[in-house]
Amino acid sequence: MSVVASIRDRIRKEIDKSLQEAQEKGELTFTRLPDYIVEAPREKAHGDFATNAAMLLAKEARTAPRAVAQVIVKHFDASWLDKIEIAGPGFINFYLGTNWLYEILPNVLREDGAFGCSNFGRGEKVQVEFVSANPTGLLHMGNARGAALGDTLSNVLQAAGFEVSKEFYINDAGNQIENFGKSLEARYLQQLGQDVVFPEDGYHGEDIIDTVKNIINEVGDKYLGEDASIRREHLAKRALQEKIVAIKNDLERFGVRYDVWFKESSLHESGAIKETMEELQQKGYIYEKEQALWFKTTLFGDEKDEVMIRSNGIPTYFAADIAYHRNKFARGFQRVINIWGADHHGHVARMKGAVKALDYDPERLRIILMQLVRLYQNGEILRMSKRSGQYITLTELMDEVGKDAARFFFVMRSPDSHLDFDMDLAKAESSENPVYYVQYAHARIYSILKTLRGSLPQPETVNFTLLKEEAELQLIRKIADLPEEIIGAAESLEPHRLTRYAHELASLFHTFYNSCRVLTDEDELRKARLLLADATRITLRNVLHMLGVTAPERM
RNA sequence: GCGCCCGUAGCUCAGUGGAUAGAGCGCUGGCCUCCGGAGCCAGGUGCGUAGGUUCGAUUCCUAUCGGGCGUACCA
């Protein structure tokens, strides 16, 4: 347990004990302990920790909040505290002095790369599925946001003690592949000089033409004489291979590596979809109407039932997705997290309903809806659509602004919030991106260590209590927060908290740097500050790595 | 029409059932003869509107206005 967590724990135990004693002595009457919090107050004048326990208990105990607080304080063993105080409407503030802060630095230095990690998740198996872009085109900004979010979230969960598996679901079957085949065929014939009309709802992207050219280089006009359906199948198969490799490479360059690439087609081939439909049928959720098989999703709150197997015998995407989720749970994942674009929100309730219909607890499925990315160029919104073929690709984005800036930027916002990505700004002022601010702090520390031209002192030989400046104490305090920050981000599935933390940490370091000279002539103080700087370096690096951003030694 | 998300500082966005709501950008003025000035310090009449719950609401609930998205035998 982290230092902060154990102090918080100790305060809680003391409060609980005080309340119990008060009740035994008849000083307070209540039936259950309130769900109070112990937090670090915003104002440091309000102490190191504070609780609202007295205010929450006031009503049930029929006692004024401050009076409840007085009773708690009376029984509270505060011998290990500097001061305990009742304040405002009934807060109890705890003042710890500074000694506890000095325990933190040696811990950080010892734990090094593992600092920030905890066993919060107790090794629970979690799967995170993200991006899962259609392999009919290149990755765009929306996919990039999903990639940054999903990868960072996975890292966060891992650091918080979960066993994480990252997965990409390849939609290599169904209607869109038919459509893909038609588009490829049209381009293929066009490239070979035939005057063919391109399908109206086909994939207009330039990249498909390139793909077709590549295929022609390999097989020439070999498919010309084939049956249309066979030809489309051949073209689609080859194109998919190329597209999937391209997607893999792009994501790898973006710093994202998956544990599993799962093909939708395998669900068709293995009979998993059929099995799933049979299970639903046995449970009485399936009926036939107009030659199609329907799932009674209205039983789970949907407005209308959904088609599983079309009248032409082909399963819908939803049917495959149900089979996919059944497969996920069968693989033993305790929790399954999906990151979807907000345009799929209508699918959430249905999917959870389907999970429930299969007798799994729908709470085990968490879906993070990510609002779409709005792209600005020349002050205008660019619409992104694979159909129209107009979109900025992940590759182009990385070429323009770099991987680090892009990843940091995408995670900086809450998934709930629209992301305005101004390409001009990103290009013109990339050096002012917040990521540089954080990286600069890291590089600065390296620069100090380089100037030192010697090895760092051993922590046990250093007197950390010499660090008394406000800037020093605040910096240590922020470092100490990392484990709980990570747990909080993992619990709430909100990786964007980390970018915030990184920025705050960097800011406190810069403040420290400007007000306290590290390489001072005073030997003992210099040693202590050097190790504070080094602990900051470790903390910054660990956070940046979780974000998939490099921690540079110089810039 | 119905459903989901979002309305917080000039702009882009954090945040919380509590004690004085924050950061970046932009703007203005300062700061190392010394460890990297890609930095630091200072400067602010802002929680869309109206009700409700609460000791306490920017946060929860209802209504309403505005923006985005969804509402296919598409995915």
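This is a predicted model, so every value here is computed, not measured. Every chain is numbered from 1 and lettered A, B, ... according to where its sequence line falls, protein lines coming before strand lines. Values below: every heavy atom of this structure, side chains too, minus hydrogens, waters and symmetry copies.
Straight-line distance from the CG atom of A:L369 to the P atom of B:rG68: 19 Å, rounded to whole Å. Here B:rA38 presents its P atom at 18 Å from NE2 of A:H442, a figure rounded to the nearest Å. When rounded to the nearest whole Å, the span between CD1 of A:I177 and C1' of B:rC74 equals 13 Å. Atom-to-atom, CG of A:D416 to C1' of B:rU59 comes out at 15 Å; the value is rounded to the nearest Å. One can place CG of A:L372 at 10 Å from C1' of B:rC5, the figure rounded to the nearest angstrom. In this structure, A:L56 places its CG atom 9 Å from C1' of B:rG17, rounding to the nearest Å. We find that CZ of A:R42 is positioned 18 Å from P of B:rA14, with the value rounded to whole Å. We find that CZ of A:F408 is positioned 13 Å from P of B:rA14, with the value rounded to whole Å.
Contact annotation for A:M412: no contact, since no heavy-atom pair falls under 4.0 Å across all strands. Looking at heavy-atom distances under 4.0 Å, A:A443 makes contact with a base. Nucleic acid contact for A:A349: none, since no nucleic acid atom lies under 4.0 Å from a heavy atom of the residue. Using a 4.0 Å heavy-atom criterion, one finds that A:T520 contacts no nucleic acid atom at all.
Paired with A:K243 under the rule side-chain hydrogen bond (donor to acceptor under 3.5 Å, both in side chains), one option of A:D172, A:T136, A:T211 passes, and it is A:T211.
Side-chain polar atoms of A:T31 and A:E60 form a donor-acceptor pair below 3.5 angstrom. A donor and an acceptor atom, one from each side chain of A:N338 and A:Y169, are nowhere located under 3.5 Å apart.
Distance from the side chain of A:Y440 is smallest for B:rA38 among the nucleotides B:rA38, B:rC55, B:rC35. Closest to the side chain of A:H496, out of B:rA38, B:rG15, B:rC5, is B:rG15. Closest to the side chain of A:M555, from the set B:rA75, B:rG15, B:rA38, is B:rA38. Distance from the side chain of A:D420 is smallest for B:rU12 among the nucleotides B:rG67, B:rA19, B:rU12. Picking from B:rA14, B:rU12, B:rC35 the nucleotide with the shortest atom distance to the side chain of A:S447 gives B:rC35.
On the P atoms, B:rU45 is 35 Å away from B:rU64, given to the nearest whole Å. Nucleotides B:rC5 and B:rG46 are separated by 22 Å at their C1' atoms, to the nearest Å. A gap of 41 Å separates the P atoms of B:rU33 and B:rA14, to the nearest Å. Atom C1' of B:rU8 sits at a distance of 15 Å from the matching atom of B:rG66, rounded to the whole Å. Comparing B:rA50 with B:rC40, their P atoms are spaced 39 Å from each other, to the whole Å. Nucleotides B:rG36 and B:rG26 have their C1' atoms positioned 25 Å apart, rounded to a whole Å. Across B:rA9 and B:rG22, the matching C1' atoms stand 10 Å from one another, rounded to whole Å. Using atom C1' as the reference point in both B:rU53 and B:rG15, the two lie 23 Å apart (nearest Å).
Note on A:R526 versus A:E524: no salt bridge recorded, every NZ/NE/NH1/NH2 to OD/OE distance being 4.0 Å or above. Note on A:K263 versus A:E269: no salt bridge recorded, every NZ/NE/NH1/NH2 to OD/OE distance being 4.0 Å or above. Using a 4.0 Å cut-off between charged side-chain N and carboxylate O, A:R477 and A:D481 make a salt bridge. Look at A:E278 and A:K274 and you find a salt bridge, because one of the NZ, NE, NH1 or NH2 atoms lies within 4.0 Å of a carboxylate O, short of that distance. The residues A:E485 and A:R500 are annotated as not salt-bridged, no charged nitrogen and carboxylate oxygen being separated by less than 4.0 angstrom. No salt bridge links A:E167 with A:K328; every basic N to acidic carboxylate O contact stays at or beyond 4.0 Å.
Here B:rA42 sits opposite B:rU28 as a Watson-Crick or G-U wobble pair (both hydrogen-bonding atom distances under 3.5 Å). Using N1 to N3 plus N6-O4 or O6-N4 for Watson-Crick, or N1-O2 and O6-N3 for G-U wobble, each under 3.5 Å, B:rC60 pairs with B:rG52. Across all strands shown, the partner of B:rA23 is B:rU12, judged by Watson-Crick or G-U wobble contacts whose two distances both fall under 3.5 Å. With a cut-off of 3.5 Å on both pairing distances, the Watson-Crick or G-U wobble partner of B:rG7 is B:rC65. Figure legend. B:rC2 is base-paired to B:rG70; pairs are counted as Watson-Crick or G-U wobble with both atom distances under 3.5 Å.
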Check: protein-nucleotides 70-73 of chain B nitrogen or oxygen pairs below 3.5 Å:
{"unit_1": "B:rC73", "atom_1": "O3'", "unit_2": "A:R310", "atom_2": "NE", "d": "3.4"}
{"unit_1": "B:rC73", "atom_1": "O2", "unit_2": "A:S311", "atom_2": "N", "d": "2.8"}
{"unit_1": "B:rC73", "atom_1": "O2", "unit_2": "A:S311", "atom_2": "OG", "d": "3.1"}
{"unit_1": "B:rC73", "atom_1": "N3", "unit_2": "A:S311", "atom_2": "OG", "d": "3.1"}
{"unit_1": "B:rC73", "atom_1": "N4", "unit_2": "A:E290", "atom_2": "O", "d": "2.9"}
{"unit_1": "B:rC73", "atom_1": "N4", "unit_2": "A:E290", "atom_2": "OE1", "d": "3.4"}

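Near RNA chain B, meaning a heavy atom under 4.0 Å from it, residues 504-518 of chain A has A:H510, A:T511, A:Y513, A:N514, A:C516, A:R517, A:V518 in order of number.
Both tests pass for A:R12 against the ring of A:Y36: distance under 6.0 Å to the centre and angle within 45° of the axis. A cation-pi arrangement is present between A:R444 and A:Y513 under the rule of less than 6.0 angstrom and at most 45 degrees off the ring axis.
Comparing A:N93 and A:E264 along RNA chain B, the residue whose closest nucleotide (by nearest heavy atom) sits nearer the 5' end is A:N93. Take the nearest nucleotide of RNA chain B for A:I92 and for A:K59: the residue whose nucleotide is more 5' is A:I92.
Side-chain N or O atoms of A:T51 include one that pairs as donor or acceptor with a backbone N or O of A:I37 at under 3.5 Å.
Within the 4.0 Å cut-off from OP1 or OP2 of B:rG37, at least one side-chain nitrogen or oxygen of A:R444 is found. The side chain of A:Y436 places no N or O atom within less than 4.0 Å of a non-bridging phosphate oxygen (OP1 or OP2) of B:rC25.
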